[in-house]
Amino acid sequence: MDTSSKIYVAGHTGLVGSALVRALWAAGYQNLLLVSHAELDLRDQAATRAFFMAQRPDYVFLAAATVGGIGANSAVPATFIADNLSIALNVIDAAWHAGVKKLLNFGSSCIYPKLAPQPIREDALLTGPLEPTNDAYALAKIAAIKLCLAYNQQYGIDFLSLMPTNLYGLGDTYDLEGGHVLPTLIAKFDDARRSGATEVTLWGDGTPLREFLWADDLASAALFLMQHHTAQDIGGWINVGSGQELSIVALAEQVRAVIFADTPTPARPKIVWDTSKPNGTPRKLLDSSRIQALGWHATTPLAVGVTRAYADYLAQNVNV
Ligand code: GFB
């Protein structure tokens, strides 16, 4: 990939896509193909094929997806499986037809079995049942890995997959019902700060363990893989995590400490656990030793990332 290569970032306005665009610009890549959802619906096979044949990008980052937290995954599983299967099939097939040199497909740590041995290695894929709250989404993401592997095998091409752990970052979706846990906690505690509420209600019992990765760190991993590795030398798909794991209780306390930094601890809102809401998978820590052995490491500590994410939330919500 050289700086004049034509690079299509599918999903460039999302959390991952926008981080990729920042990383690509910073690294000197100038020929980025960025198309809004209104201009191209990747769930439309004919439109996607026509776009690829007309534009013929050299490289593709497939970061377009229908995503959400445990609430959205449970509420609209048909949307999650149908949208993500369509996007994966349409983009991967069109990329092959258009002669794309290399494609990097983004998956998720939820592809692995609910009770996979921890930390989760790449070879845990399809060794046990999935977590039911997000199995529809996970199956679409597993299908996308298998599509890349099958196209590589049959057509001799180089389409890689990358499995990130739970992500957060700039431009996240701060949706109280459908969002991922970290941005939702920011929105909930900030609502309490503004309203003076004495309690904040969170989901489940707070015991699940999660690992969090700053989206710009993921973008650096994606660029590194695209520049220096092939599907064959990474074994088809590879985990990308930070190793920064904590319980949802500890995460909530950390987010509360950032948002109520100027409030004495006893005056901060109390956390109430709504155990009628799901916990999801008990633990989801990726084994990222393979990408680390290749030379990539995450660099953003969670405390730094949460502070930056909160500043970003405030900037997005100046009129709240
Ligand atoms: O990010 P999240 O929604 O999804 O985190 P997963 C869920 C964890 O945070 C559960 C707890 O243990 C929830 O019980 N939690 C506590 C909350 N309060 C809240 C809250 O207000 N909102 C939310 N959302 N959670 C996702 C998958 O699983 O992992 C996605 O649903 C994706 O498909 C992502 O794969 C990586 O981490 O459980």
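Quantities reported herein were computed from a predicted structural model and do not represent experimental measurements.
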Residues at least two apart in sequence or cross-chain that pass salt bridge (Lys or Arg N to Asp or Glu O under 4.0 Å) with D216, listed by chain then number, are R22
By ring-ring contact (aromatic ring centres under 6.0 Å, His included), which residues pair with [X], not counting sequence neighbours?
X: Y168; value: W214
X: Y8; value: F51, F52
X: H97; value: none

Report yes if the side chains of F189 and V258 come closer than 4.5 Å at any heavy-atom pair, otherwise no.
no
Could you check if a side-chain atom of D205 sits within less than 4.5 angstrom of a side-chain atom of T275, using non-hydrogen atoms only?
yes
Taking [X] for its side chain and [Y] for its backbone only, find out whether a donor-acceptor pair lies under 3.5 Å.
X: T281; Y: K114; value: yes
X: D190; Y: I186; value: no
X: S195; Y: A197; value: yes
X: S288; Y: I291; value: no
X: E122; Y: N239; value: yes
X: Q118; Y: R283; value: yes
X: N73; Y: G69; value: yes

Check whether [X] and [Y] end up in the same hydrophobic cluster, where Ile, Leu, Val, Met, Phe, Trp and Tyr are linked by side-chain heavy atoms less than 4.5 Å apart.
X: L89; Y: I111; answer: no
X: F61; Y: V100; answer: no
X: W203; Y: L185; answer: no
X: I145; Y: L126; answer: yes
X: M163; Y: I238; answer: no

Give a yes-or-no answer on whether the side chains of [X] and [Y] include a donor-acceptor pair shorter than 3.5 Å.
X: D217; Y: T299; result: yes
X: T48; Y: N90; result: no
X: E211; Y: T165; result: yes
X: T230; Y: Q232; result: no

Decide yes or no on salt bridge (Lys or Arg N to Asp or Glu O under 4.0 Å) for R308 and D312, but give the supporting numbers first.
CA-CA 6 Å; R308 278 190 203 154; D312 178 59; over 6 Å; no
Residue pair N31, S4: steps toward the side chain to side chain contact (heavy atoms under 4.5 Å, CB included) verdict
CA-CA 6 Å; N31 193 4; S4 62; 5.7 Å; no
[X] and [Y]: which non-hydrogen atoms are nearest, and at how many Å?
X: N84; Y: A140; value: CB-CB, 3.6 Å
X: A222; Y: L20; value: CB-CD2, 3.9 Å
X: G280; Y: T133; value: CA-OG1, 4.1 Å
X: I87; Y: A65; value: CD1-CA, 4.1 Å
X: R121; Y: Y112; value: O-CE2, 3.7 Å
X: K188; Y: T201; value: NZ-O, 3.1 Å

If you measure from [atom1] on [X] to [atom2] on [Y], what distance do you get to the nearest 0.5 Å?
X: T66; Y: I81; atom1: OG1; atom2: CD1; answer: 12.0 Å
X: L85; Y: L139; atom1: CG; atom2: CG; answer: 8.0 Å
X: T3; Y: Y29; atom1: OG1; atom2: OH; answer: 7.5 Å
X: L294; Y: S289; atom1: CG; atom2: OG; answer: 10.0 Å

With a 6.0 Å cut-off on the ring centroids, do F159 and Y151 count as close?
no
Centre-to-centre under 6.0 Å for F224 and H229, is that the case here?
yes
Residues that, via side-chain heavy atoms closer than 4.5 angstrom, fall in one hydrophobic cluster with L209:
none
Cluster partners of Y137, using ILVMFWY side-chain heavy atoms under 4.5 angstrom, listed by chain and number?
V67, V76, F80
Verdict with supporting geometry, R210 and L251, side chain to side chain contact (heavy atoms under 4.5 Å, CB included):
CA-CA 9 Å; R210 292 290 183 275; L251 177 72; over 6 Å; no
Here's a test for you: under side-chain contact (heavy atoms from CB on, under 4.5 Å), which of V9, L167, L62 qualifies with V16?
L167
Checking Q244 against F212 for the side chain to side chain contact (heavy atoms under 4.5 Å, CB included) test, could you report, in this order, the C-alpha distance in whole Å, the side-chain angles of both residues, the deciding distance, and whether it holds?
CA-CA 6 Å; Q244 299 182 95; F212 294 94; 5.8 Å; no
With a sphere of 6.0 Å drawn around CD of Q227, does it hold more than 12 non-hydrogen atoms of other residues, nucleotides or ligands?
yes
When you look at T13 and H37, which way does the side chain to side chain contact (heavy atoms under 4.5 Å, CB included) test go after all the steps?
CA-CA 9 Å; T13 58; H37 185 77; over 6 Å; no
From the list K6, K101, K102, side-chain hydrogen bond (donor to acceptor under 3.5 Å, both in side chains) partner of D58 resolves to K101
